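Computed from a predicted model, the values in this text were never measured in an experiment.
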Amino acid sequence: MNEHQALLKAQNMVKLPRKDQATREWYVEYMSGSHWTRQTFTTDESAYVYYYTKLAEFKALFMTQERGGK
């Protein structure tokens, strides 16, 4: 798997930050095992930082799996 393929796969595991209109908080949803988990934030900047961190984490995971865990 090349980096682009790993990124595409990672994008399926993390949703872009959204704002909850009821609570006025920002949130990011990501796959944790077999279910979606929600992390909430008070600012959009924090939510986007978390989003890109999780995206990089998943991408690295997929790249590592492809190399046989090396």
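- Here Arg38 pairs with Asp20, Tyr27, Glu29, Thr40 under the side chain to side chain contact (heavy atoms under 4.5 Å, CB included) rule; sequence neighbours left out.
- Residues Trp26 and Glu45 fail the side-chain proximity criterion, which asks for heavy atoms closer than 4.5 Å.
- Taking the side chain to side chain contact (heavy atoms under 4.5 Å, CB included) definition, one finds that Gln5 meets it with Met1, Asn2, sequence neighbours left out.
- Counting only heavy atoms from C-beta outward, the side chains of Trp36 and Met31 approach each other to under 4.5 Å.
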### Task
Check the pair His35 / Thr37 against side chain to side chain contact (heavy atoms under 4.5 Å, CB included), numbers first and verdict last.
CA-CA 7 Å; His35 66 280; Thr37 301; 3.7 Å; yes
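- Qualifying side chain to side chain contact (heavy atoms under 4.5 Å, CB included) partners for Ser34, counting only residues two or more places apart in sequence or in other chains: none.
- Judged as a side chain to side chain donor-acceptor pair (under 3.5 Å), and not counting sequence neighbours, the contacts of Thr43 are Ser46.
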Which atom pairs, one a donor and one an acceptor, fall under 3.5 Å between side chains of residues 47-59 and the rest of the protein, sequence neighbours left out?
from, atom 1, to, atom 2, distance (Å)
Thr53, OG1, Val49, O, 2.8
Lys54, NZ, Glu57, OE2, 3.0
Lys59, NZ, Glu3, OE1, 3.2

